[in-house]
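See below for the structure under consideration.
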Number of protein chains: 2
Amino acid sequence: MYLEERRQAILNLIVDHGRVSVPDLSARFDVSEVTIRADLQTLAERGLLVRTYGGAISATYNLQELSLLQRRQQHIPEKQRIGAAGAALIADGEAVFLDSSSTALAVAQHLKSRRDLTLVTNSLVIAQEMLGLAEITVVMPGGTLHHDTVSLIGPDGLAFLEQYHIRKGFFGAYGLSMDAGLTDGSAPESEIKRALVELCHTVIVVADAAKWGRVGVTSYAGLSEVDTVITDDQAPPDLVAQVRAAGVEVVIV
Amino acid sequence: MYLEERRQAILNLIVDHGRVSVPDLSARFDVSEVTIRADLQTLAERGLLVRTYGGAISATYNLQELSLLQRRQQHIPEKQRIGAAGAALIADGEAVFLDSSSTALAVAQHLKSRRDLTLVTNSLVIAQEMLGLAEITVVMPGGTLHHDTVSLIGPDGLAFLEQYHIRKGFFGAYGLSMDAGLTDGSAPESEIKRALVELCHTVIVVADAAKWGRVGVTSYAGLSEVDTVITDDQAPPDLVAQVRAAGVEVVIV
DNA sequence: GCTTTACAATGAAAGAAATCGAAAGCAAAC
DNA sequence: GTTTGCTTTCGATTTCTTTCATTGTAAAGC
């Protein structure tokens with residue numbers, strides 16, 4: 001029996017029984033427990049099962065996994081401060097765009113007690129975070145799911161968004177610099193952001209100190225298109241001064 | 001019983017009863033109260049419940065997530081069999097539509113090891129289920145997030161989908177009857193399905209036995225538009241015979 | 001308001017089981 | 001013969017759980 005056959009068989013057992021134990025699998029396939037653990041770890045990394053101490057169970061708990069990821073984010077104090085400051089700029093009744101960055105997620109987390117708000121976002125994580133909040137309308141453009149950013153990307157979603165009057169857009173960035181402006185790591189991601197920067201009346205960049213002076217693969221906006229940058233107090237003062245001189249409001253939290 | 005299973009069971013108890021107590025859980029799972037407290041603390045850190053003195057209660061903002069989990073767990077063996085049968089109808093390389101029903105989710109769960117597949121869906125749960133599977137392309141139409149079905153609903157997302165050649169569509173239903181055809185619980189949900197039934201070359205209905213003979217608020221397709229129904233062996237034979245006589249293939253698993 | 005009382009939570013220590021890491025063994029492929 | 005990938009062995013380490021002593025808390029009665 002080959003390795004992949006064994007792993008397939010393990011998955012079948014989980015589908016049938018809901019759970020498997022390491023000693024049991026070891027006996028059944030006549031390999032050491034160490035080997036079984038390696039199998040389980042690999043399958044868990046592929047998201048095909050959930051590892052437990054002593055065995056594994058079926059992977060039908062993805063929602064919780066995701067919310068765990070979300071909550072891991074919460075513990076970064078800088079992002080939370082930036083998120084709170086961003087949320088303070090949003091009035092009830094407005095329609096705002098949030099991109100798929102983790103800092104924009106922090107903004108969303110501070111909007112949970114708001115009423116009559118429309119959030120436009122391409123981030124599945126933000127949508128998930130707002131689940132069950134009846135007072136908040138979440139609108140998503142269509143697109144293809146990108147696994148790394150957990151967001152919908154695609155040129156065709158934009159036409160759909162043009163019917164909304166989006167007052168404010170919150171954008172994360174891979175980097176923020178004087179000459180390259182706002183930069184990101186991937187081209188399709190940049191494309192949708194470039195269009196949204198056009199669409200939003202007010203462009204607000206949420207970026208922690210690490211982003212300053214960094215330049216990513218593609219630019220999606222120049223500094224002249226930015227109204228406000230929200231960052232934390234570790235941002236390099238000389239760069240902050242330059243950006244302010246260029247007419248951009250910089251909020252430090 | 002593994003740790004994660006116990007924690008899952010605790011969450012289920014909270015969904016059912018709204019609250020749990022430490023001594024009760026300790027007796028029920030035959031572990032010490034200290035262990036239960038550790039479980040509750042961990043689950044509270046994940047945001048899945050709210051800790052109280054002597055026990056725990058439901059985390060209101062997560063109720064939606066949990067009730068969805070619960071819905072997924074109902075009829076699990078039947079739904080899983082239906083899901084497997086549905087997945088067997090899909091060849092690698094195809095583009096298929098899956099709606100936001102829990103039975104369509106079961107189909108998706110059986111597609112995880114496939115390669116080169118395009119899934120079109122308006123269900124956030126299915127999208128999340130496919131997260132990290134690089135071989136599977138997930139496309140979502142734009143729309144407004146509906147909290148109860150965890151799906152994107154909206155008329156404008158459809159234009160975007162017309163560019164895809166969707167071979168097969170898998171649809172759940174609230175009810176399935178001779179005269180009303182396929183029915184659903186809410187009008188906007190029906191609207192998007194009606195359009196997708198038009199768009200899909202082959203329409204496959206996945207519905208467990210409980211759906212037969214039931215009629216919901218709005219119809220989204222007549223039986224004449226349906227190619228195949230996949231159901232379980234508890235489906236009423238007389239209704240099955242009638243539907244077959246109407247020219248619909250009925251697969252019983 | 002204050003105190004009592006019963007219950008709940010926490011910390012430390014300890015034991016059993018499971019896991020991990022590193023080095024080594026083994027087989028098939030080049 | 002060497003390489004490569006999978007598997008095993010064997011301590012060292014971690015995780016999970018319990019017990020017990022101590023501290024903290026809620027709510028009833030004074």
Side-chain angles (χ1 to χ4, degrees), chain A residues 1-62 64-69 71-72 74-75, chain B residues 1-60 62 112-113 115 132-135:
Chain A
M1 170 172 258
Y2 297 125
L3 178 143
E4 283 302 330
E5 288 180 304
R6 189 181 59 236
R7 290 183 177 168
Q8 197 60 49
I10 292 174
L11 287 177
N12 287 337
L13 283 172
I14 288 198
V15 170
D16 290 346
H17 298 91
R19 65 202 302 277
V20 289
S21 81
V22 171
D24 187 45
L25 293 173
S26 167
R28 180 185 294 267
F29 297 116
D30 196 27
V31 294
S32 74
E33 298 193 348
V34 177
T35 301
I36 293 297
R37 285 188 197 105
D39 288 341
L40 295 184
Q41 182 172 353
T42 307
L43 293 170
E45 280 165 7
R46 291 187 200 162
L48 300 171
L49 51 75
V50 170
R51 195 66 222 286
T52 62
Y53 201 73
I57 58 176
S58 158
T60 35
Y61 309 124
N62 299 46
Q64 280 166 267
E65 293 299 310
L66 188 68
S67 60
L68 182 67
L69 277 175
R71 271 156 248 289
R72 201 168 287 158
Q74 267 181 346
H75 299 308
Chain B
M1 171 171 257
Y2 295 130
L3 177 146
E4 285 300 331
E5 291 179 302
R6 188 179 60 237
R7 291 182 178 168
Q8 196 60 49
I10 292 173
L11 289 177
N12 285 337
L13 283 172
I14 289 195
V15 171
D16 289 346
H17 299 91
R19 61 199 305 277
V20 290
S21 80
V22 171
D24 186 44
L25 292 173
S26 168
R28 180 187 294 267
F29 297 118
D30 196 27
V31 294
S32 74
E33 299 193 350
V34 177
T35 300
I36 293 297
R37 286 188 196 105
D39 288 341
L40 295 183
Q41 182 171 352
T42 307
L43 292 171
E45 278 166 9
R46 291 186 198 165
L48 298 170
L49 51 75
V50 171
R51 196 65 222 284
T52 61
Y53 196 76
I57 57 170
S58 149
T60 48
N62 273 76
K112 286 187 162 186
S113 52
R115 311 170 72 82
L133 302 177
E135 304 271 6

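To find a chain, count down the sequence lines: A is the first, B the second, and so on, and within it residues start at 1.
In this view, R51(A) satisfies the side-chain hydrogen bond (donor to acceptor under 3.5 Å, both in side chains) rule with no residue, not counting sequence neighbours. E135(B) pairs by the side-chain hydrogen bond (donor to acceptor under 3.5 Å, both in side chains) definition with R115(B), not counting sequence neighbours. A search for side chain to side chain contact (heavy atoms under 4.5 Å, CB included) contacts involving S21(B) returns P23(B), D24(B), not counting sequence neighbours. Evaluation of the side chain to side chain contact (heavy atoms under 4.5 Å, CB included) rule for E4(A) yields R7(A), R46(A) as partners, not counting sequence neighbours. In terms of the side-chain hydrogen bond (donor to acceptor under 3.5 Å, both in side chains) criterion, Q41(B) has no residue partners (sequence neighbours excluded).
S58(A) contributes atom OG, which lies 12.5 Å from atom CG of L13(A) (distance to the nearest 0.5 angstrom). Atom CG of L49(A) and atom CD1 of I14(A) lie 4.5 Å apart (nearest 0.5 Å). One distance of note links CG of L3(A) with CD of Q8(A); it measures 11.5 Å at 0.5 Å rounding.
Without hydrogens or angle criteria, Y2(B) side chain to R19(A) main chain gives no donor-acceptor distance under 3.5 Å.
Here the shortest heavy-atom pairing between A56(B) and L40(B) reads CB-CD2, 4.1 Å. Between I10(A) and L43(A) the shortest heavy-atom distance is CG2-CD1, 4.1 Å.
Shown for residues 16-26 of chain A: no residue has heavy atoms falling under 4.0 angstrom of DNA chain D.
Overall, the helix from dG1(C)-dC30(D) to dC30(C)-dG1(D) carries an axis bend of 30° between its ends, with five pairs at each end and the value rounded to 10°.
With a 4.5 Å cut-off on side-chain heavy atoms, E5(B) and T52(A) do not count as touching.
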When you compare the protein's N or O atoms with those of nucleotides 15-20 of chain D, which come within less than 3.5 Å of each other, and at what distance?
unit_1	atom_1	unit_2	atom_2	d
dT15(D)	O2	Y53(A)	OH	3.1
dT17(D)	OP1	R6(B)	NH1	2.9
dT17(D)	OP1	R6(B)	NH2	3.4
dT17(D)	OP2	R6(B)	NH2	3.0
dT18(D)	OP1	S32(B)	N	3.2
dT18(D)	OP2	S32(B)	N	2.7
dT18(D)	OP2	S32(B)	OG	2.7
dT18(D)	OP2	T35(B)	OG1	2.4

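Of all nucleotides in DNA chain C, those with any atom nearer than 4.0 Å to a heavy atom of chain B start and finish, going 5' to 3', at dC7(C) to dT10(C).
For the pair R37(B) CZ and dT25(D) P, the interatomic distance rounds to 14 Å; values are reported in whole Å. dT7(D) atom P lies 12 Å from atom CD of E5(A), rounded to whole Å.
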Show me the donor-acceptor pairs within less than 3.5 Å that the side chains of residues 25-32 of chain A make with the rest of the protein, sequence neighbours left out.
unit_1	atom_1	unit_2	atom_2	d
S26(A)	OG	V31(A)	O	2.6
S32(A)	OG	V34(A)	N	3.4
S32(A)	OG	T35(A)	N	3.3
S32(A)	OG	T35(A)	OG1	3.2

